[in-house]
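What follows is a set of notes on a single structure, which appears directly below.
The first residue in the sequence is number 1, and the count goes up from there.
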Amino acid sequence: MKTPPLLRLTFILFLIILLFTCSWYSLNLPVFSDPPKSITSWLGNSKSRVCAHLGSVLETGIHKPRDHMEDVPHHPLDPLTMQEIYKARTILSTYPPLLPSFPAIHSLSLEEPHKDLVLKWKEGDPLPPRKALVIALLNGQSHVLSVDLDSGLVTSNKINHGSGYPMLTMNDISVAIQVALSHKELNKSTIKRGISLSDLTCITPSAGWFGPNEEGRRIIKVQCFSNQGTPNFYMRPLEGLTMTVDIDKKEVVKFTDTGGGIPVPKGTDTDYRFKAQKEPPKMKPINPISIEQPLGPSFTVEDGHIVKWANWEFHLKADQRAGIVISRAMVSDSETGVPRSVMYKGFSSELFVPYMDPDENWYFKSYMDAGEFGMGVTALSLVPLNDCPRHSYYMDGIFVSWDGKPYVQPSIICVFERYAGDSSWRHSEIPVNGFNIREARPKVSLVARMAASVGNYDYIFDWEFQTDGLIHVAVSLSGMLMVKGTPHQTADQIPNQEAASGPLISENLIGVVHDHFITFHLDMDIDDTNNTFVKVNLVKEETLPGQSPRISYLKAKRNTAKTEDDARIKLKLYEPSEFHVINPSRRSRLGNPAGYKIVPGGNAASLLDHLDPPQLRSAFTNNQIWVTPYNRNEQWAGGLFTYQSKGDDTLAAWSKRGLAFMASRNRAIENKDIVLWYTLGFHHIPCQEDFPIMPTVSSSFELKPVNFFESNPILKAAPMFEKDLPVCRPATSS
């Protein structure tokens with residue numbers, strides 16, 4: 001049936017009016033562009049997924065990556081360009097100690113210049129010598145090489161003689177999966193469960209470290225799931241089936257199948273994709289919502305990495321291991337406008353995720369995600385309008401594959417302004433005293449965000465900068481649970497529920513209790529590098545008889561940390577303290593030292609025995625706060641070589657006294673260049689609402705100025721008025 005001309009004309013006029021009415025909205029949503037299949041074939045992994053047959057990308061458009069081949073560095077901390085990576089590869093390919101074969105490249109990134117050189121550098125100065133830091137594996141030996149890109153020479157080659165191996169590569173994952181899929185016992189076990197090999201998706205949990213029997217070889221676990229009828233294969237485990245693979249020998253060294261009698265859970269209602277939802281949610285619909293910026297965003301990104309917004313300036317980049325890295329964060333003085341140093345470098349140094357099940361197929365699940373798999377390499381493109389709002393700036397990552405060649409990981413960081421209706425300050429006066437005052441200022445902030453999909457879990461990292469000088473750092477968790485198959489369909493069928501490793505979250509599925517710990521490296525430089533850590537304790541004082549109607553009150557007592565021992569902090573609710581990093585040489589007009597304090601949010605502590613192998617490896621979680629003297633070789637809380645490490649090169653080993661393999665150090669930290677380490681934690685007892693995909697949960701901490709400014713730095717901020725904010729309005733009905 002043909003559409004009447006009048007109806008067609010009316011429809012066209014409606015579209016034209018709609019477009020003009022909302023003309024200030026950006027309608028040029030770019031198209032998707034994915035990295036090469038050789039990369040995406042393992043980017044679903046970390047606890048890596050392979051052989052997934054069902055895929056879907058939410059079609060909202062995505063920032064199209066530009067051609068990075070012509071990039072040049074502009075700042076000493078800019079990541080290596082593609083040309084520099086190719087040059088480093090060429091230099092390595094002719095380096096005699098690595099010949100005749102080319103080694104597997106596990107990391108190839110900028111070897112950052114010495115800190116004093118970066119601090120002295122000014123825009124327009126020549127860049128310090130550009131160097132590549134390379135971690136390579138050859139004939140079972142881990143090499144740490146320094147490659148001078150200017151001279152074309154390898155200037156250092158150190159072989160790791162401690163425990164541990166480099167971060168896994170795509171090739172390691174692929175080898176392990178192929179070896180497992182070729183193992184004849186796997187075929188028998190899947191057929192016994194009524195599953196076809198073509199319907200398998202396998203992941204590679206890291207092996208951890210559990211004694212000398214596992215040393216001297218790189219091993220990895222392989223476990224499999226059924227993806228039949230669902231892309232959410234995590235909810236369909238082949239419980240009890242685990243293979244241990246020797247990565248270098250390419251052989252299965254142990255095969256375990258204890259899952260007899262445990263059915264493969266059904267895939268019903270496990271598909272979380274939008275297109276798979278047959279009915280809308282049972283709630284009133286939410287109308288579309290978006291932040292309005294009629295004049296465009298207020299921030300700029302210069303030379304690809306320098307972010308400038310309001311009174312903030314910082315360097316932003318993506319790192320293959322750490323993910324998002326903030327460097328040279330400076331805030332303008334509220335009196336003079338001169339930029340002042342706050343933080344030299346901040347990033348998530350390590351993640352520790354232990355599962356609480358001693359079962360043969362579960363005990364080893366104690367992931368150290370950054371050092372074993374990498375947070376940057378597992379960060380996929382952010383979804384516009386859902387991960388990041390309109391007017392966001394997207395940043396690509398330039399990473400290196402196992403063969404030493406660079407590739408682009410598009411749109412893994414976004415930068416945007418946030419306004420959620422909050423106030424940055426306000427006050428009203430009841431007009432009893434003759435003052436009729438209503439004053440408020442909107443709270444607008446700048447967010448730099450990255451989301452890493454480390455296997456089943458998604459980690460969202462936000463660095464949020466406020467005009468009052470505060471930095472809010474948040475970690476949000478979503479994704480899928482790591483579940484355990486069970487023969488039980490209801491809780492009352494479980495004979496001893498307290499003996500289970502977690503609650504029943506769906507038929508035949510137990511959500512195993514687990515923790516998440518994220519340790520941040522925060523190189524604070526408050527107005528220079530000479531800083532001091534001060535613990536300000538709130539102490540109860542009692543009044544003297546007859547002194548006051550009050551019996552007790554609180555006093556703040558300052559304690560300066562002289563050495564590392566003084567700065568190891570376990571947070572205690574009933575022994576409250578503030579934790580300041582100050583510059584004793586920089587004083588306010590009142591004589592107070594300029595500083596910042598770390599303000600913990602919700603947190604959790606590891607309850608594992610300190611001699612439990614996973615806790616030995618992650619002893620950096622024994623305290624929530626550590627302070628160490630700056631050392632450019634001490635950046636990774638879990639050690640440079642984390643995979644299968646046994647804890648001999650961690651934050652705790654650098655700092656802690658009384659370890660059998662290290663004499664007491666207890667280094668001086670007063671009025672020194674110091675690094676603050678903070679661990680943010682979650683305990684997770686799963687529940688039914690976490691199935692089939694978890695609603696996002698968050699925790700955070702703040703870096704807040706304390707006597708850094710002479711007064712409220714945003715006192716003079718302007719309020720918003722209706723005339724400043726033209727909006728799209730729905731047409732009124734006649």
Side-chain angles (χ1 to χ4, degrees), residues 40-56 173-174 176-205 220-245 252 255-273 275-278 355 357 359-362 365 453-457 479-489 501-502 504-512 686 688 690-694:
T40 56
S41 65
W42 91 286
L43 282 178
N45 50 73
S46 100
K47 298 135 207 180
S48 180
R49 55 176 176 263
V50 177
C51 307
H53 302 296
L54 298 172
S56 172
I173 300 294
S174 299
I177 293 293
Q178 293 306 316
V179 168
L181 290 175
S182 301
H183 193 63
K184 61 181 180 180
E185 294 298 326
L186 175 61
N187 192 34
K188 293 179 183 178
S189 291
T190 54
I191 291 174
K192 184 173 63 177
R193 289 172 169 83
I195 304 296
S196 170
L197 273 178
S198 61
D199 291 327
L200 282 188
T201 294
C202 296
I203 68 169
T204 52
I220 195 167
K221 306 291 184 178
V222 178
Q223 294 182 325
C224 297
F225 303 74
S226 171
N227 60 49
Q228 188 176 23
T230 178
N232 192 354
F233 55 86
Y234 293 108
M235 299 300 112
R236 304 201 67 200
L238 276 61
E239 190 57 50
L241 194 155
T242 303
M243 290 159 282
T244 304
V245 174
V252 174
F255 181 90
T256 302
D257 187 357
T258 60
I262 301 178
V264 177
K266 295 179 180 179
T268 308
D269 296 328
T270 60
D271 194 340
Y272 51 86
R273 297 171 300 171
K275 70 178 185 180
Q277 310 312 310
K278 305 304 181 186
Y355 282 78
D357 193 327
D359 180 87
E360 183 177 6
N361 298 284
W362 279 82
K365 293 184 180 181
S453 298
V454 194
N456 56 305
Y457 256 100
M480 270 72 69
L481 291 171
M482 185 70 74
V483 294
K484 183 175 184 177
T486 175
H488 308 297
Q489 295 200 340
S501 55
L504 201 68
I505 55 115
S506 187
E507 288 78 3
N508 303 117
L509 286 175
I510 287 174
V512 178
Q688 287 182 226
D690 293 332
F691 175 88
I693 190 166
M694 295 174 284

Worksheet entry | Worked check of side chain to side chain contact (heavy atoms under 4.5 Å, CB included) between Leu238 and Leu200 | CA-CA 9 Å; Leu238 276 61; Leu200 282 188; 3.9 Å; yes
Worksheet item: Run the side chain to side chain donor-acceptor pair (under 3.5 Å) check on Asn227 and Thr201 step by step: do they pass?
Response: CA-CA 6 Å; Asn227 60 49; Thr201 294; 2.7 Å; yes
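Within a 6.0 Å radius of CG in Asp269, no more than 12 heavy atoms belonging to other residues, nucleotides or ligands are found.
Under the 4.5 Å side-chain criterion, counting only non-hydrogen atoms from C-beta, Met482 is not in contact with Val512. By the 4.5 Å heavy-atom criterion applied to side chains, Ile203 and Val222 are not counted as neighbours.
Atom SG of residue Cys202 and atom CG of residue Leu181 lie 4.5 Å apart, to the nearest 0.5 angstrom.
Side chain of Asn232 to main chain of Pro692: a donor-acceptor pair is present (N/O by atom type, distance under 3.5 Å, no hydrogens or angles). Remark: side-chain polar atoms of Asn508 are paired, donor with acceptor, to backbone N or O of Thr486 under 3.5 angstrom.
Closest approach of Asp271 and Gln277 over heavy atoms only: O-NE2, 2.9 Å. Taking all atoms of both residues into account, the shortest heavy-atom contact from Tyr234 to Leu481 is CB-O, 4.2 Å. Ile510 and Ile505 make their closest contact through C-CG1, 4.3 Å (heavy atoms, listed as atom of the first residue, atom of the second, distance). The shortest heavy-atom contact between Pro237 and Phe225 is CA-CD2, 3.4 Å.
In terms of the side-chain contact (heavy atoms from CB on, under 4.5 Å) criterion, residue partners of Ile693 (sequence neighbours excluded) are, by chain and number, Tyr272, Met480. Residues forming a side-chain contact (heavy atoms from CB on, under 4.5 Å) with Gln688 (at least two apart in sequence, or on another chain): none.
Between the side chains of Thr244 and Lys221, at least one donor N or O sits under 3.5 Å from an acceptor N or O. Under the 3.5 Å distance criterion, with hydrogens and angles disregarded, a donor-acceptor pair is assigned to the side chains of Trp362 and Glu239.
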Solution key, residues 255-268 side-chain donor-acceptor pairs under 3.5 Å, sequence neighbours excluded:
residue	atom	partner	partner atom	Å
Asp257	OD1	Arg193	NH2	2.8
Asp257	OD1	Gly259	N	3.1
Asp257	OD2	Ser189	OG	2.7
Asp257	OD2	Arg193	NH1	3.1
Thr258	OG1	Asn361	ND2	3.0

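Looking at Lys484 and Asp357, a side-chain N of the basic residue comes within less than 4.0 Å of a carboxylate O on the acidic one, giving a salt bridge.
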